[in-house]
Protein chains: 2
Amino acid sequence: MPDQKKRSDCPVSCTLDVFGDKWSLLIIRDLMFTKSCTYGDFQKSEEKIATNILASRLKALEENGVIRKSQHPESKAKVLYTLTEKGIDLLPLIVEINLWGDKYFEIPKQLEAVITEIKEDKPGFISRKMSELKDSITV
Amino acid sequence: MPDQKKRSDCPVSCTLDVFGDKWSLLIIRDLMFTKSCTYGDFQKSEEKIATNILASRLKALEENGVIRKSQHPESKAKVLYTLTEKGIDLLPLIVEINLWGDKYFEIPKQLEAVITEIKEDKPGFISRKMSELKDSITV
DNA sequence: AATTTTGCTTGCATATTGCAAGTGCAAATA
DNA sequence: TATTTGCACTTGCAATATGCAAGCAAAATT
């Protein structure tokens, strides 16, 4: 589990105390851009997160109020993970990470569509996507 | 040193392979927002990074082309660290981290001015600051 | 010439990560 | 009803990364 104690009052430092690792933002990414919403879904993503790390990150993200656990509508055996509003507010950050990554790495073709959409109208994309994400937790 | 092998082709994952730790972006922050440009400057910042970690992060950031080492104009004993264009392009990301951090943590008064400036005109702030940072490496 | 500053490196204890195997409960299948 | 499978984790342990303190060489200062 990542630590709790904050190193300073700087907003960057505080934010990194929560997300400053290689995995947390990938979970957020999955919640935003793929339909991932269960433990198994997160395990399936390309980067192959270790199961104990996944569990510890989900716990930390929940404790930080970024995601929320609830009953899966399909089955009692499943757990539904969803973003909170605090988590949805990370969208602009994830968008900027995508744009920087797109500029400096080779991006697979399947992702180009979204990146192009973002580049064409960033504020528009963000507000549309934020509404979409907020709707999905209000319903 | 953080690892080199990339976990997937996802831009978020690739970016986290470079910055997915608690320290790298604090160094970038210092280069952007304080006048920090030497090893000693980075050590002085509030979060108190360990010297070996600082060395390994500076090395990794340089290897990733995000910062550059050069001769300090004042003295041969000093090393001057500066952002490359690739590093300057991280500004929008740092801005978003600041905004999220500002929204969800208590921010010290001294930082409020910058945050307010960002909130009032984000694109304007970013383009002004980017120019400023680019100028400082061109001169 | 001696001391201090600067930018590191080294050694070692502790913490975090990664991997593999295992557990408990719900649901599907036989 | 008994058994197997799926799902969400937990546990143990080895490998890696971090944090702390001390040390070190070159340059600058005294």
Transitively linked via ILVMFWY side-chain contacts under 4.5 Å: A/I137 with A/L91?
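Yes, A/I137 connects to A/L91 through the hydrophobic network.
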Quick one: which of C/dC19, C/dT17, D/dC9 gets closest to the side chain of A/N52?
C/dC19
Check every atom of C/dG18, D/dA8, D/dC20 against the side chain of A/A50 and return the nucleotide holding the closest atom.
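Within the option list, the nearest is C/dG18.
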Look at all strands and tell whether A/K48 reaches a base, only sugar-phosphate, or nothing, counting heavy atoms closer than 4.0 Å.
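Contact class for A/K48: none.
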Distance in angstrom units between [X] [atom1] and [N] [atom2], rounded:
X     : N      : atom1 : atom2 : answer
A/L54 : C/dC19 : CG    : C1'   : 14 Å
A/K44 : D/dC9  : NZ    : C1'   : 15 Å
B/I67 : C/dG7  : CD1   : C1'   : 13 Å
B/Q71 : D/dA26 : CD    : P     : 17 Å
A/R57 : D/dA8  : CZ    : P     : 19 Å
A/H72 : D/dC7  : NE2   : C1'   : 11 Å
A/Q43 : D/dT10 : CD    : P     : 12 Å
A/E47 : C/dC19 : CD    : P     : 13 Å

Using the ring pair (Phe, Tyr, Trp, His ring centres under 6.0 Å) rule, collect all pairs that involve residues 91-137 of chain B, keeping only residues at least two apart or in two chains.
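Every pair satisfying ring pair (Phe, Tyr, Trp, His ring centres under 6.0 Å) with a residue in residues 91-137 of chain B: A/F19-B/W100, B/W100-B/Y104.
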Ionic contact status for A/D17 with B/K22, cut-off 4.0 Å:
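Judged by the 4.0 Å cut-off on N to carboxylate O distance, B/K22 and A/D17 do not form a salt bridge.
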Short of 4.0 Å, heavy atom to strand atom, which residues of residues 26-41 of chain B count as contacting DNA chain D?
none
Main-chain N/O of A/R68 paired to A/T84 side chain as donor or acceptor, under 3.5 Å:
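A pair under 3.5 Å: no.
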Of all heavy-atom pairs between B/R7 and B/S13, which one has the smallest distance, and what is that distance?
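Result for this residue pair: NH2-O, 3.6 Å.
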Grab the two heavy atoms, one from A/K48 and one from A/Q43, that are nearest each other, plus how far apart they are.
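Of all heavy-atom pairs spanning A/K48 and A/Q43, the closest is NZ-O, 3.7 Å.
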Can you find a pair of side-chain heavy atoms, one from A/L31 and one from A/T82, that are under 4.5 Å apart?
no
Does some side-chain heavy atom of B/D41 sit less than 4.5 Å from a side-chain heavy atom of B/T34?
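When only atoms from C-beta onward are counted, B/D41 and B/T34 do not touch, as no gap falls below 4.5 Å.
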Check nucleotides 21-30 of chain C against the protein and report each pair of N or O atoms closer than 3.5 Å, with its distance, or say if there are none.
unit_1	atom_1	unit_2	atom_2	d
C/dA27	OP1	A/K76	N	2.9

So, does B/Y81 get its side chain near the phosphate of C/dC8, meaning an N or O under 4.0 Å from OP1 or OP2?
yes
Please determine whether a side-chain nitrogen or oxygen atom of B/W23 lies at a distance below 4.0 Å from atom OP1 or OP2 of D/dG19.
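B/W23 to D/dG19 OP1/OP2: side-chain N or O found under 4.0 Å.
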Does the side chain to side chain donor-acceptor pair (under 3.5 Å) test come out yes or no for A/Y81 and A/S70, once each step is laid out?
CA-CA 6 Å; A/Y81 287 96; A/S70 56; over 6 Å; no
